[in-house]
Protein chains: 2
Amino acid sequence: MTTDEAVAGTTTPPPPAGLRERKKQRTRSALVRSALELFTRQGYERTTVDEIAEAVEVSQRTFFRYFANKEEVAFASQEAAECHFFAALCGRPAGEAPLAALRGAILGAWGSIGEAIEQLVSPELHMRMYRVIESTPSLLAVHLRRTAEMEERLAREIARREGLDIDADPRPRLVVAMFGGVIRVAGKLWTEGEEDSVVTLRDLTAFHLDYVGPTLAEKWDK
Amino acid sequence: MTTDEAVAGTTTPPPPAGLRERKKQRTRSALVRSALELFTRQGYERTTVDEIAEAVEVSQRTFFRYFANKEEVAFASQEAAECHFFAALCGRPAGEAPLAALRGAILGAWGSIGEAIEQLVSPELHMRMYRVIESTPSLLAVHLRRTAEMEERLAREIARREGLDIDADPRPRLVVAMFGGVIRVAGKLWTEGEEDSVVTLRDLTAFHLDYVGPTLAEKWDK
DNA sequence: AGGCTAATGTCAGCGTCTGACAATTGACAA
DNA sequence: TTGTCAATTGTCAGACGCTGACATTAGCCT
């Protein structure tokens, strides 16, 4: 491991990697793009893994070497967006109260969502896929589990910021649970609505976040 | 439909039904019991549908006539408990504030959880299965989706109680989302803990509910 | 008793996913 | 450049979840 990686963690590694590595990345990207394209066009259940693999001209077995299962490829762009959001939270000023930091992070992340994923898929495809996820029972289930995992990470980060022991103080998990609930409500309403743009989702999120009021929102006394 | 059913909704139908019906109920119960027994003993993934069917001496095809998929049988006792809880909410006094009603319903339901399910499986098995669900990724995902569906029903009931239009006022969904988040945190801590009893879970839930404070907790002005 | 219908069993087949082994291809040094 | 090594991929077989179609069994009702 180089010094760079050791310090910066998951920074973008030097692009001119070996031919092998680049080929792998291209195959992976192609699989994601073809999969999301097929999922959004004809539905998740009506798309077989064979179809996806065939579209990229690899074997089915190769698909399962890149993705543990059919669901995983459906969340590829979500994964990128979530990493983006989490990084945004970690970048918030230390003095900010927990809920304010979460609010700032999500609104900022929604604002610059394009940058984080456009090298993988277009923002339009990403958003269409989000709708497919919300309206496909099996995908919705996985989505909620992934969300729960993210909330656990968020709670730990909040606890770290506040200098609290996450196993002794329930407040980090509670404020994150509240926050997550609000995000879900906003996202669901957006899915059911007409407007497609990311901005609409951003505004809707901000509006709903204002409803939770002062609970656990101010600075915590230790 | 008789007058009885029309008034009482899902009341216990007259037990002396036809032989056919009783046989079906026995088969279903046997499938649930065998399934939960196997799931809790050797794990969900390591149990095949064939095993379950074989234990009850029916064909695999028959299993899938009783349950749409392998997951469904895993949630049979949860289903009963959830119905019990929802009924408890509907029975709360009309004057109670939303969060207070939810709180009263869940604590009451946890208290009398046994009655609702002990005719299907033992409370111990029910609780052991809950732990399996929380610790099995695929089941956890489904559990969270089911929870989300229940929260939608709860939000509608809250809106009804308060005389609000659920599509116009976000508060019913928000208070339920908050509530659901708290329940999840409590349930998760209980799963990770040592204590097995239902009482522990009940107390843990009550304790965490007290943390959400006054937000959306008081009576709402229209 | 005998016909009707619901419940069950059997069979074939699709789709997801995995292990094993062989074939291919990039990486790297002699 | 070429040969060796290791990583990537393809092929094959098979387990498991799940479904439609059809035959068989068994409760119900006159």
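The chains referred to below are lettered A, B, ... by the order of the sequence lines, with proteins before strands, and numbering in each begins at 1. The figures here come from the full heavy-atom set of this structure, side chains too, leaving out hydrogens, waters and symmetry mates.
- A straight line from CD of B:Gln60 to P of C:dA12 spans 15 Å, rounded to a whole angstrom.
- For the pair B:Leu31 CG and C:dA7 C1', the interatomic distance rounds to 13 Å; values are reported in whole Å.
- Residue B:Phe67 is out of contact with every strand shown, counting any heavy-atom pair closer than 4.0 Å.
- Remark on DNA chain D: of its neighbouring residues B:Lys23 and B:Val49, the 5'-side contact belongs to B:Val49, judged by nearest-heavy-atom nucleotide.
- The local environment of CD in A:Glu54 is sparse, with at most 12 non-hydrogen atoms from other residues, nucleotides or ligands closer than 6.0 Å.
- At the heavy-atom level, B:Tyr66 lies under 4.0 Å from the strands shown only through sugar-phosphate atoms.
- The CD-C1' distance, from A:Gln25 to D:dA7, rounds to 15 Å in whole Å.
- What separates CD of A:Glu51 from C1' of C:dT16 is a distance of 14 Å, to the nearest Å.
- Among the atoms of the strands shown, only primed sugar atoms or phosphate atoms (P, OP1, OP2) are found under 4.0 Å from some heavy atom of B:Thr62.
- To the nearest angstrom, C1' of C:dG15 lies 13 Å from CD of A:Glu71.
- The base of D:dG20 lies close enough to the side chain of B:Arg61 for a donor and an acceptor atom to sit less than 3.5 Å apart.
- Panel note: side chain B:Thr40, backbone B:Glu37; a donor-acceptor pair is recorded below 3.5 Å.
- Closest to the side chain of A:Lys70, from the set D:dG27, C:dC17, D:dC18, is C:dC17.
- Distances were taken from every side-chain heavy atom of B:Asp50 (C-beta onward) to each of D:dC18, D:dT9, D:dG17; the shortest belongs to D:dG17.
- A salt bridge does not link B:Glu124 to B:Arg128: none of the charged side-chain nitrogens sits closer than 4.0 Å to a carboxylate oxygen.
- Residue-level contact check: A:Ser138 touches neither bases nor backbone, having no heavy atom under 4.0 Å from any strand.
- Looking at B:Lys70 and B:Glu45, no side-chain N of the basic residue comes within less than 4.0 Å of a carboxylate O on the acidic one, giving no salt bridge.
- Rounded to an integer number of Å, the gap from A:Glu54 CD to D:dG10 P is 13 Å.
- B:Arg46 has its CZ atom 19 Å from the P atom of C:dC17, to the nearest Å.
- Judged by distance alone, with hydrogens and angles left aside, B:Arg22 brings no side-chain donor or acceptor close enough to the base of D:dG27 to form a pair under 3.5 Å.
- Contact annotation for A:Thr48: backbone-only contact, meaning every heavy-atom pair under 4.0 Å involves sugar-phosphate atoms and none involves a base.
- Of all nucleotides listed (D:dA26, C:dT25, D:dG17), C:dT25 comes nearest to the side chain of A:Arg20.
- Looking at B:Arg146 and B:Glu72, no side-chain N of the basic residue comes within less than 4.0 Å of a carboxylate O on the acidic one, giving no salt bridge.
- For the pair B:Arg173 and B:Glu151, the salt-bridge criterion is not met [side-chain N within less than 4.0 Å of a carboxylate O].
- Going from atom CD of A:Glu57 over to atom C1' of D:dT11 covers 17 Å, rounded to whole Å.
- When each of D:dC22, C:dC17, D:dG10 is scored by its nearest atom to the side-chain atoms of B:Arg65, the top-ranked nucleotide is D:dC22.
- Of the candidate nucleotides C:dC17, D:dT8, D:dG17, D:dG17 has the atom nearest to the side chain of B:Phe64.
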